[in-house]
Asks: 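First the structure, which I've put down as structure tokens, then a few questions once you've had a look.
Each chain gets a letter, A, B and so on, in the order the sequences are listed, and its residues count up from 1.
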There are 4 protein chains.
Amino acid sequence: MFLHINPSNGIAIYDQIVRQVKFAVARGAIRPGNRVPSVREMARELTLNPNTVARAYQKLQSDGVLEPVRGMGLEVTSDALTHCRAERQKLIRERIHDALIEAQQSGIEGDALRQLIDQQLASVTEDGR
Amino acid sequence: MFLHINPSNGIAIYDQIVRQVKFAVARGAIRPGNRVPSVREMARELTLNPNTVARAYQKLQSDGVLEPVRGMGLEVTSDALTHCRAERQKLIRERIHDALIEAQQSGIEGDALRQLIDQQLASVTEDGR
Amino acid sequence: MFLHINPSNGIAIYDQIVRQVKFAVARGAIRPGNRVPSVREMARELTLNPNTVARAYQKLQSDGVLEPVRGMGLEVTSDALTHCRAERQKLIRERIHDALIEAQQSGIEGDALRQLIDQQLASVTEDGR
Amino acid sequence: MFLHINPSNGIAIYDQIVRQVKFAVARGAIRPGNRVPSVREMARELTLNPNTVARAYQKLQSDGVLEPVRGMGLEVTSDALTHCRAERQKLIRERIHDALIEAQQSGIEGDALRQLIDQQLASVTEDGR
DNA sequence: GTGGTCTAGACCACC
DNA sequence: GTGGTCTAGACCACG
């Protein structure tokens, strides 16, 4: 699948899965009606504990992004697209907000901050990584 | 003192103290040779358990920012300023980098991302918070 | 495990654990990739409070000797062996140095000191303790 | 006076004073009947808190090394010499013993330990430091 | 007054 | 099950 898990970046693994699945839906990489890989398969692909994947899927269900289809596993709900678009906006905004809040209260001056952001923005958008 | 603790933002309280003390040194709000508030005083101010503050101070010692003055408390080391300046840059850069990485791989388009950043930047720098 | 804790010899308990784990790695009793007993298990064995053991393990992590395996406990890092060998040499040398410095400035004569050392060396290496 | 205080070597300052005064008596640098500097004077010389010196003197009194002389401060007792000779032997022996115990259980081999001791012994006895 | 250590017991996220 | 964090309260050595 299209998930990049980083086991040591502070964000819980299950939460990384949740966020990235939502993002995949938001950008159209997974569509309503599509099935997601089974817990076992996903766990094998990412070499994670199945419990971790199961937990992520559970959260995605309670968030209304996935729904069980009898005997067929989980598929993306019909209103997931709208939902995930909004969610994406919120998640990204929050994270940027928190980062900037800390930057600002750390005493970095406006120009330096601006410069730092441009730098990172460039480095991020250049390499596809 | 000038610390803003948020007990429920994902970052451990002791770590918030560590980061903010480093920032305070970096921006010159505390200077080498200055003493920091005692464990008990800080704990009272922030209504935290003294152990939590002690743990933060211990980390700051092992990071070379504070040093004990026997029986007199803890003071900022002479090379803390250089150290904290560099540390601040690193901490902030990392956090912004991680946020932008996620934003980019979430599929938000360049313009929308740019706009979102400007928005947050404005909202953060406006209010004196 | 093979730790001998002496709760009243001046060295903090958590530090005794730190030192002895490093020594165990240095002499090959624990190898890179091995897992150390869990916090709770070690605490039970030594009849200590789990927090005390946790503190020691935390120090060992920040010293680069142990690393967490998510949900699976702590294991010895790959470069711990080199590290601990050097560390052991340093810790032991320092302690002997300090003892001899004091002995020398206490006015004990060279021969008497030599004799005293031999005596202790014999008594220590004899009993399997 | 003839004391070398190291505020950061793990041994409490007051205890360093106690030990070194005993050593000075043992090697004849101070004799029974001699007066020791007043608390204030000693504190000034060593730039220590007078309380610290007072505490050391108190311990030395309860150990029978010093005794008050009406209005004249403290002087070395008549049986201090014998007492301190024995004490010195015990203190030094204990410290060496503890160091060797740790060295031995750290897994350093007999030859390496022997070598390390000789090394330190040489470095200590060479420079008068 | 200061920091350092330890115990006890709780809750959390994660596997 | 694992480690991580926090609270609460105690005792100690030191200045």
Side-chain angles (χ1 to χ4, degrees), chain A residues 7-8 10-17 39 43 46-56 59, chain B residues 5 7-8 10-17 35-43 46-61 66-75, chain C residues 5 7-8 10-17 35-43 46-61 66-75, chain D residues 7-8 10-17 39 43 46-56 59:
Chain A
S8 54
I11 299 186
I13 292 177
Y14 89 95
D15 202 28
Q16 294 185 45
I17 299 176
V39 167
L46 303 175
T47 55
L48 293 176
N49 185 312
N51 284 334
T52 307
V53 179
R55 183 169 179 181
K59 183 67 163 43
Chain B
I5 298 303
S8 55
I11 301 183
I13 293 177
Y14 85 93
D15 202 30
Q16 294 185 44
I17 299 177
R35 290 238 306 278
V36 292
S38 78
V39 169
R40 288 164 176 86
E41 189 182 336
M42 179 74 93
L46 304 176
T47 54
L48 293 174
N49 186 293
N51 280 334
T52 305
V53 179
R55 183 171 180 184
Y57 278 5
Q58 232 157 7
K59 182 69 166 36
L60 285 165
Q61 279 183 71
L66 299 181
E67 63 185 355
V69 182
R70 312 256 319 197
M72 303 294 296
L74 300 168
E75 73 176 37
Chain C
I5 299 303
S8 55
I11 301 183
I13 293 177
Y14 85 93
D15 201 29
Q16 295 185 44
I17 299 177
R35 292 235 306 280
V36 293
S38 79
V39 169
R40 288 163 174 87
E41 190 182 336
M42 180 75 94
L46 304 176
T47 54
L48 294 175
N49 187 293
N51 279 334
T52 305
V53 179
R55 184 172 179 184
Y57 279 4
Q58 233 158 6
K59 183 68 166 33
L60 285 164
Q61 280 183 70
L66 299 182
E67 65 185 355
V69 182
R70 314 255 318 198
M72 303 295 296
L74 301 169
E75 73 175 36
Chain D
S8 55
I11 299 186
I13 293 177
Y14 87 96
D15 202 28
Q16 293 185 45
I17 300 177
V39 168
L46 304 175
T47 56
L48 294 176
N49 186 310
N51 284 334
T52 307
V53 179
R55 183 170 179 181
K59 183 70 162 42

Asks: How many Å lie between CG on B:Leu60 and C1' on E:dG3, as a whole number?
Replies: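 Going from B:Leu60 (CG) to E:dG3 (C1'), I get 14 Å.
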Asks: Check this for me: does the side-chain of C:Arg40 come within 3.5 Å of the base of F:dG3 through a donor and an acceptor?
Replies: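 When only heavy-atom distances are counted, C:Arg40 does reach the base of F:dG3 through a donor-acceptor pair under 3.5 Å.
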Asks: Dot-bracket notation for DNA chain F is requested: 5' to 3', Watson-Crick or G-U wobble pairs only, both distances under 3.5 Å, with ( ), [ ], | and . as defined.
Replies: ||||||||||||||.
Asks: Between D:Ile17 and D:Leu48, is any pair of side-chain heavy atoms under 4.5 Å apart?
Replies: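 Counting from C-beta outward, D:Ile17 and D:Leu48 do come under 4.5 Å.
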Asks: Could you tell me whether the side chain of D:Arg55 has a donor or acceptor atom within less than 3.5 Å of a complementary atom in the base of F:dG15?
Replies: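 No, no donor-acceptor pair under 3.5 Å.
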Asks: Would a distance-only check, ignoring hydrogens and angles, find a side-chain to backbone donor-acceptor pair under 3.5 Å from C:Glu75 to C:Val69?
Replies: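 The answer is no, because no donor-acceptor pair under 3.5 Å joins these two groups.
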Asks: For the pair made of CD1 in B:Ile11 and P in F:dC6, what is the distance, rounded to whole Å?
Replies: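 For the pair B:Ile11 CD1 and F:dC6 P, the rounded distance is 11 Å.
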Asks: Within this structure, what is the OH-to-C1' distance between B:Tyr57 and E:dT5, rounded to whole angstrom?
Replies: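 After rounding, the gap between these two atoms is 18 Å.
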Asks: Can you tell me if B:Ser38 touches the phosphate of E:dT2, counting only side-chain N or O atoms and a distance under 4.0 Å to OP1 or OP2?
Replies: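 It does, given that an N or O in the side chain of B:Ser38 lies less than 4.0 Å from OP1 or OP2 of E:dT2.
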Asks: Hey, which of these two, C:Ile13 or C:Met72, hits DNA chain E nearer its 5' end, going by closest nucleotide?
Replies: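 Nearest-nucleotide comparison on DNA chain E picks C:Ile13.
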Asks: Pick the closest DNA chain E nucleotide for C:Leu48 and for B:Val39 by heavy atoms, then say which residue is nearer the 5' end.
Replies: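 Taking each residue's closest nucleotide, the earlier one in sequence belongs to B:Val39.
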Asks: Round to a whole Å and report the spacing from NZ of B:Lys59 to P of E:dG4.
Replies: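 It works out to 15 Å between those atoms.
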Asks: Nearest nucleotide by nearest heavy atom, which residue falls closer to the 5' end of DNA chain F, C:Asn51 or D:Asn49?
Replies: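 Closest to the 5' end, via its nearest nucleotide, is C:Asn51.
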Asks: Take atom CD of C:Glu75 and atom P of E:dC15, then tell me their distance rounded to the nearest Å.
Replies: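 The answer, rounded to whole Å, is 15 Å.
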Asks: Send over the distance from B:Ile17 CD1 to F:dC6 C1', rounded to a whole Å.
Replies: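 B:Ile17 atom CD1 is separated from F:dC6 atom C1' by 11 Å.
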Asks: Rounded to the Å, how far apart are A:Asp15 CG and E:dC12 C1'?
Replies: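 It is 14 Å, rounded to the nearest whole Å.
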Asks: Identify the two heavy atoms, one from C:Ala56 and one from C:Tyr14, that lie closest to each other, and give their separation to 0.1 Å.
Replies: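 Closest pair (atom of C:Ala56, atom of C:Tyr14, distance): CB-O, 3.4 Å.
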Asks: Which heavy-atom pair separates A:Ile11 from A:Gln16 by the least distance, and what is that distance?
Replies: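 Nearest heavy atoms, A:Ile11 then A:Gln16: O-NE2, 3.0 Å.
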Asks: F:dT5, F:dG3, E:dT5: which one has an atom nearest the side-chain heavy atoms of C:Gln61?
Replies: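 Of the candidates, F:dG3 comes closest.
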Asks: Taking for each residue the nucleotide of DNA chain F with the nearest heavy atom, is it D:Tyr14 or C:Gly73 whose nucleotide lies nearer the 5' end?
Replies: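 Per heavy-atom nearest nucleotide, the more 5' residue is C:Gly73.
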Asks: Assess the residue pair B:Gln61 and B:Leu74 against the criterion (side chain to side chain contact (heavy atoms under 4.5 Å, CB included)); give the C-alpha distance rounded to whole Å, side-chain angles, the decisive distance to 0.1 Å, and a yes or no.
Replies: CA-CA 9 Å; B:Gln61 279 183 71; B:Leu74 300 168; 3.6 Å; yes
Asks: Would you tell me if any nitrogen or oxygen in the side chain of C:Thr52 comes within less than 4.0 Å of OP1 or OP2 on E:dT5?
Replies: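 No.
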Asks: Once you round it to whole Å, what is the distance between C1' of F:dG1 and CE of C:Met42?
Replies: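 Atom-to-atom, C:Met42 to F:dG1, this comes out as 17 Å.
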Asks: For a quick test of reading the model, state the closest non-hydrogen atom pair linking A:Ala43 to A:Pro50 and the distance between them.
Replies: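 Nearest pair, atom of A:Ala43 first, then A:Pro50: CB-CA, 3.8 Å.
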Asks: So which heavy atom on B:Met72 is nearest to which on B:Arg35, and how close?
Replies: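 Shortest heavy-atom contact: O-NE, 2.7 Å.
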